[in-house]
Amino acid sequence: MAKVELKKPVVEEISNAVDGAASVVLVNYSGLNVAQDTELRKSLREAGVNYKVYKNTMMNLAFKGTDYESLVPYLNGTNAIAISKDDATAPARILAGFAKKNPQLELIAGVVEGSLYDQKAVAALAEVPSREVLLSRLLGSMQSPIANFARVIKQIAEKDGEAEAAPAAE
């Protein structure tokens with residue numbers, strides 16, 4: 001069997017994994033021990049992020065002609081990719097948080113919704129809260145004026161009730 005035929009399933013696996021992904025983040029994992037790598041994989045898995053180590057040549061072939069082709073210049077060294085189909089900030093957020101505790105892990109670059117982000121931009125993207133947190137903040141800010149209005153109406157009603165009750169008591 002030719003080498004090309006052996007590579008084709010791996011290239012297709014990478015292509016299928018990144019197809020329709022909200023974000024793909026490239027990291028250098030060299031220097032991590034097995035326990036650290038297991039911890040990282042577990043936290044990414046819990047967030048629904050696909051994390052896998054592939055050969056750079058395989059990723060290079062899979063990225064050609066896609067939105068992720070801009071990552072090709074960053075493919076050198078010991079790299080892994082973290083792919084999220086749903087939450088565009090999850091891979092960057094989890095990897096950056098892990099890299100703070102384990103400086104051996106290095107964020108390299110990422111493509112989020114079709115745009116290339118370098119190392120600094122991926123780190124900045126990691127500061128963006130998750131979709132659920134943003135939605136809860138939005139809901140809280142929408143509820144706040146309504147709750148305040150309801151409190152004021154209640155206080156006015158109680159004040160009017162006291163005003164009417166006072167003359168009757170005399």
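Note that the coordinates shown come from a computational prediction; the quantities given were computed from them, not determined experimentally.
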Note to self: Tell me the closest heavy-atom pair linking S70 and P73, and the distance in Å.
What the structure shows: O-CD, 3.3 Å

Next item on the list: Salt-bridge test for E39 and K101: reply yes if a basic N is under 4.0 Å from a carboxylate O, no otherwise.
Entry: yes

Next item on the list: Provide the closest heavy-atom pair for A17 versus K85 in the form atom of the first, atom of the second, distance.
Entry: O-NZ, 3.0 Å

Note to self: Evaluate L71 against L116 for side-chain contact (heavy atoms from CB on, under 4.5 Å), listing each step before the verdict.
What the structure shows: CA-CA 8 Å; L71 288 174; L116 177 68; 3.9 Å; yes

Next item on the list: Spell out, yes or no, whether V11 and L26 are grouped together once hydrophobic residues are joined by side-chain heavy atoms under 4.5 Å, including indirect joins.
Entry: yes

Next item on the list: State the CZ-OG distance between R93 and S43, to the nearest 0.5 angstrom.
Entry: 11.0 Å

Margin query: Please find the pair of heavy atoms, one from V53 and one from N79, that lie closest to each other, and give the distance.
Written below: CG1-O, 3.7 Å

Item checked: Test log, rule side-chain contact (heavy atoms from CB on, under 4.5 Å), inputs K8 and E12 -> CA-CA 6 Å; K8 192 176 277 188; E12 287 177 10; 3.5 Å; yes

Item checked: Check: D118 and Y74 side chains under 4.5 Å, non-hydrogen atoms -> yes

Note to self: Between I108 and I14, is there shared hydrophobic-cluster membership here, with clusters defined by ILVMFWY side-chain heavy atoms closer than 4.5 Å?
What the structure shows: yes

Next item on the list: State, yes or no, whether a side-chain contact exists between V49 and I83 at a heavy-atom distance under 4.5 Å.
Entry: no

Next item on the list: Working to the nearest 0.5 Å, report the span between NZ of K52 and CG of L44.
Entry: 14.5 Å

Check: Does the side chain of Q36 come within less than 4.5 Å of Q104's, by heavy atoms?
Finding: yes

Checklist line | Min side-chain heavy-atom separation Y51-V27 under 4.5 Å | finding: yes

Next item on the list: For S23 and A88, indicate whether the former's side chain and the latter's backbone hold a donor-acceptor pair under 3.5 Å.
Entry: yes

Item checked: Sequence-distant partners of D67, side chain to side chain donor-acceptor pair (under 3.5 Å), two or more places apart -> none

Checklist line | Among L105, N102, L95, the one residue meeting side chain to side chain contact (heavy atoms under 4.5 Å, CB included) with Y29 | finding: L105

Margin query: Please check: side-chain N/O of N50 versus main-chain N/O of S84, any donor-acceptor pairing under 3.5 Å?
Written below: no

Next item on the list: Would you check if L32 and L40 make a side-chain contact, meaning some heavy-atom pair closer than 4.5 Å?
Entry: yes

Margin query: Strictly below 4.0 Å, N to O, side chains only: are K42 and E46 in salt-bridge contact?
Written below: yes

Check: Are M58 and V24 connected, step by step, through hydrophobic side chains (Ile, Leu, Val, Met, Phe, Trp, Tyr) whose heavy atoms are closer than 4.5 Å?
Finding: yes

Notebook entry, point to check: Between L75 and L107, is there a shared hydrophobic cluster once you connect ILVMFWY residues whose side-chain heavy atoms come closer than 4.5 Å?
Noted result: no

Check: Side chains of T89 and D87: is there a donor and an acceptor less than 3.5 Å apart?
Finding: yes

Checklist line | Short side-chain donor-acceptor distance under 3.5 Å, Y54 and E13 | finding: yes

Note to self: Taking M59 as the starting point, is it possible to reach V111 by hopping between hydrophobic residues whose side chains are less than 4.5 Å apart?
What the structure shows: yes

Margin query: On a heavy-atom basis, which atom in F63 and which in V72 lie closest, and how many Å separate them?
Written below: CB-CG2, 4.1 Å

